2 protein chains.
Amino acid sequence: MSFTATEENYIKTIYQLQAHDKMVNTNSVAVTLQTSAASVTDMLKKLKLKKLLVYEKYKGFKLNQEGKKTALSIIRKHRLWETFLVNILQFKWDEVHEVAEQLEHIQSNQLINHLDDFLGNPKFDPHGDPIPDANGKMPVQEQINLTKFPMHTVGEISAVGSQSADMLALLRHKNIELGSSIIVEQIFPFDDSIEVKINNQILVNISAKLAQHLFVKQTNYESKQC
Amino acid sequence: MSFTATEENYIKTIYQLQAHDKMVNTNSVAVTLQTSAASVTDMLKKLKLKKLLVYEKYKGFKLNQEGKKTALSIIRKHRLWETFLVNILQFKWDEVHEVAEQLEHIQSNQLINHLDDFLGNPKFDPHGDPIPDANGKMPVQEQINLTKFPMHTVGEISAVGSQSADMLALLRHKNIELGSSIIVEQIFPFDDSIEVKINNQILVNISAKLAQHLFVKQTNYESKQC
DNA sequence: CTTATTTTTTAGATTTGTCTAAAATTAATT
DNA sequence: AATTAATTTTAGACAAATCTAAAAAATAAG
């Protein structure tokens, strides 16, 4: 079964909205894809016909097993291409998304599997998100990006996503190092900066950009949807 | 200015058919793209509106300067991706075309220029075809693939496109080596095999597959269209 | 130099993905 | 419970790319 780029974008969006098999509603898909609710309804009929989702009108919808499998293969492609762009072609983190959105729709299993091998079968992409394998199995995320770390939960700095001298200087100034304990206390939506407590002592403000480069390990946190 | 994948396919096809600025006719485009003459006419109107070609109905058409520039940027992308697939991802020569046809439509100058650098700014793709640079300038083709070499013309084997032991054994058996002189005497359309004279002495039959891996240098042969 | 043939273009229809506006359904609020 | 508000779906229309069949123009043949 193969899909148009548009269909794939809907599938991916629905997958991301239905974490833990929650029902998804029309409007949230419309907002995410910046389209109208009517267009979403049209596409839902089509995807139901292709047996990718469970859908009764006015009742919400969610991907079935086949739909989730399809979503995972798209996500696999997206994250492998992001890894390629950053690790091999020297793109910056914030430059890859738009291009990866195009590359993820290239249809060729041979291509994506060779790319996977060439990259050394990475388990996580440059944003720290797990890359599903060829069977759709998602690696367990031992460390996650600080921007995705839940509030009021104790974690430990496990990796930094950059080696730039400027960044290391900033971390030293904030008294953050590998192994420091960290708790997210507050998030400021205005600039996406966050306030964290380091080593159970000092409160520090971390910019969105810095947070993107910090990875946190935590124990006993439920793993992502599979 | 940006174009749909379909528009780009038409532009590329017209470019390839109008070598040396010959007028192109509707039917040849239809045959190449496996579509109807009516569809070609529709697209011609659109491309004329976008000022990419000179076209008067019933009189034929050809790309103008802007159209040729666009075609070259598509060809550049196609050939760089083919180089990537063969040199980096270990694709075979005959496996790359379909995937490159998709990849050539990805829109990102940054991507293609980084890819070019990563590949070491290659001048020729794995088929021996020249890769236009970022300004659309086509390198002069010093060596061309044996399959494209004109008949009854003296050339010299300048490169072999594979290092496989099987291939080298075959070449030795046929008494062909780097520097051997070669003249194409006959082409057999049935299996695309060719009969060549080596060192002005022996006649040898060369299969289509072997010919694809042999490159020939020649002096005083007009360069390709720019 | 007419007539026949080929090529090209137009006309009208179809599919995919989209839209707006109106109708149907569900949810929320007196 | 009845009315209002929000959400979702339908209806109808549009643009892009395609098709088939018919008309128009150019080319070839008698």
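Per chain, numbering begins at 1; letters A, B, ... match sequence-line order. Just so you know, these numbers use all the heavy atoms, side chains as well, and skip hydrogens, waters and symmetry mates. The shown structure was predicted, so the numbers you read here are calculated from the model rather than taken from an experiment.
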Has [X] got a side-chain N or O lying under 4.0 Å from the OP1 or OP2 atom of [N]?
{"X": "T6(B)", "N": "dA16(D)", "result": "no"}
{"X": "Y10(B)", "N": "dA16(D)", "result": "no"}
{"X": "T35(A)", "N": "dT18(C)", "result": "no"}

Per-nucleotide protein contact string for nucleotides 5-11 of chain C (B base, S sugar-phosphate only, - none; heavy atom under 4.0 Å): ---BBB-
For K123(B), is there an ion pair with E142(B) - N to carboxylate O distance below 4.0 angstrom? no
Integer-rounded Å distance: [N] [atom2] and [X] [atom1]:
{"X": "E7(A)", "N": "dT15(C)", "atom1": "CD", "atom2": "P", "result": "15 Å"}
{"X": "L33(B)", "N": "dC19(D)", "atom1": "CG", "atom2": "C1'", "result": "15 Å"}
{"X": "Q34(B)", "N": "dT18(D)", "atom1": "CD", "atom2": "P", "result": "12 Å"}
{"X": "M23(A)", "N": "dT26(C)", "atom1": "CE", "atom2": "P", "result": "14 Å"}

Angle between ring planes, F61(A) versus Y55(A), binned at 30° and 60°: parallel, tilted or perpendicular? perpendicular
Distance alone, cut at 3.5 Å: any donor-acceptor contact between the side chains of N135(A) and R76(A)? no
Going by atom types only, do D125(B) and H78(B) share a side-chain donor-acceptor pair under 3.5 Å? no
Would a line drawn from the ring center of F215(A) to the ring center of F124(A) be shorter than 6.0 Å? no
By ring pair (Phe, Tyr, Trp, His ring centres under 6.0 Å) - contacts of F91(A) (at least two apart): H114(B)
